Amino acid sequence: MAQFMDIHRGMKGITADQLKQAHEADLAIEKEEGVHFERAWADPESGTVYCLSEAPSAEAVQRIHERAGHKADEVHAVPLSVR
């Protein structure tokens, strides 16, 4: 399965609890699209949130986010990574 990084903007002031709730909303329905959200990060000052997932497609990632109530502004494939 491919990895994707998606970006949400306009979430200025997001708290750790709000980020956790949004992530849990994705996790609750992710299997319906064959997606697995691995991690989420946020910058409350800029209002930017990033999510890393494994999924069959960018469209599947977006569908889960939309259904969970927080459509992504961008979804990017991550074809190469290092640790």
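Predicted, not measured: the structure shown is a model, and the values here were computed from it. Residue numbers count from 1 along this sequence.
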Novice: Quick one: salt bridge (Lys or Arg N to Asp or Glu O under 4.0 Å) partners of Glu32, sequence neighbours excluded?
Specialist: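 Result, salt bridge (Lys or Arg N to Asp or Glu O under 4.0 Å) vs Glu32: Arg67.
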
Novice: In Å, rounded to the nearest 0.5 Å, how long is the span from CG of Asp6 to NE2 of His65?
Specialist: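 If we round to the nearest 0.5 Å, Asp6:CG and His65:NE2 are 3.5 Å apart.
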
Novice: I need the minimum non-hydrogen distance between Phe37 and Leu27, along with the two atoms involved.
Specialist: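 The answer is O-CD2, 3.6 Å.
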
Novice: If you define the side chain from C-beta out and look only at heavy atoms, does anything of Met1 sit under 4.5 Å from Pro56?
Specialist: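 Of all side-chain heavy-atom pairs linking Pro56 with Met1, at least one is under 4.5 Å.
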
Novice: Quick check: do Trp41 and Met5 have side-chain heavy atoms less than 4.5 Å from each other?
Specialist: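 Trp41 reaches Met5 side chain to side chain.
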
Novice: Determine, using ring centers only, whether His76 and Tyr50 are less than 6.0 Å apart.
Specialist: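 Distance test on ring centres: not under 6.0 Å, no.
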
Novice: For a quick test of reading the model, state the closest non-hydrogen atom pair linking Asp26 to Ala68 and the distance between them.
Specialist: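 Closest heavy-atom pair between Asp26 and Ala68: OD1-CB, 3.3 Å.
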
Novice: Has the side chain of Gln62 got a donor or acceptor atom that lies under 3.5 Å from a matching backbone atom of Ala72?
Specialist: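 Looks like yes, one N/O pair under 3.5 Å.
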
Novice: For His70 and His8, which heavy atoms make the closest approach, and how far apart are they?
Specialist: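 Where His70 meets His8 most closely, the heavy atoms are O-CE1, 2.9 Å.
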
Novice: Which heavy-atom pair separates Val49 from Leu19 by the least distance, and what is that distance?
Specialist: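 Val49 and Leu19 have their closest heavy atoms at CG1-CD1, 3.8 Å.
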
Novice: Output all residues satisfying salt bridge (Lys or Arg N to Asp or Glu O under 4.0 Å) with Glu66, sequence neighbours left out; order by chain, then residue number.
Specialist: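 With neighbours one apart ignored, the set is empty.
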
Novice: Rounded at 0.5 Å granularity, tell me how far CD in Glu38 sits from CD in Glu54.
Specialist: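 Glu38 CD to Glu54 CD: 4.5 Å, rounded to 0.5 Å.
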
Novice: Do you know which two heavy atoms are closest between His23 and Ala40, and how far apart they sit?
Specialist: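 Where His23 meets Ala40 most closely, the heavy atoms are ND1-CB, 4.1 Å.
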
Novice: Look up atom NE2 in His36 and atom CD1 in Ile64, then write down how far apart they are to the nearest 0.5 Å.
Specialist: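 Those atoms lie 12.5 Å apart.
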
Novice: I'd like to know if the side chain of Asp73 and the backbone of Arg9 have a donor-acceptor N/O pair within less than 3.5 Å.
Specialist: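 Side chain of Asp73 to backbone of Arg9: a pair is present.
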
Novice: Can you list the residues that meet the salt bridge (Lys or Arg N to Asp or Glu O under 4.0 Å) rule with Glu30, with sequence neighbours excluded?
Specialist: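 So Glu30 forms no salt bridge (Lys or Arg N to Asp or Glu O under 4.0 Å) with any residue.
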
Novice: Can you measure from CG (Leu52) to CD (Gln3) and round to the nearest 0.5 angstrom?
Specialist: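 Between Leu52 CG and Gln3 CD, I get 5.0 Å after rounding to 0.5 Å.
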
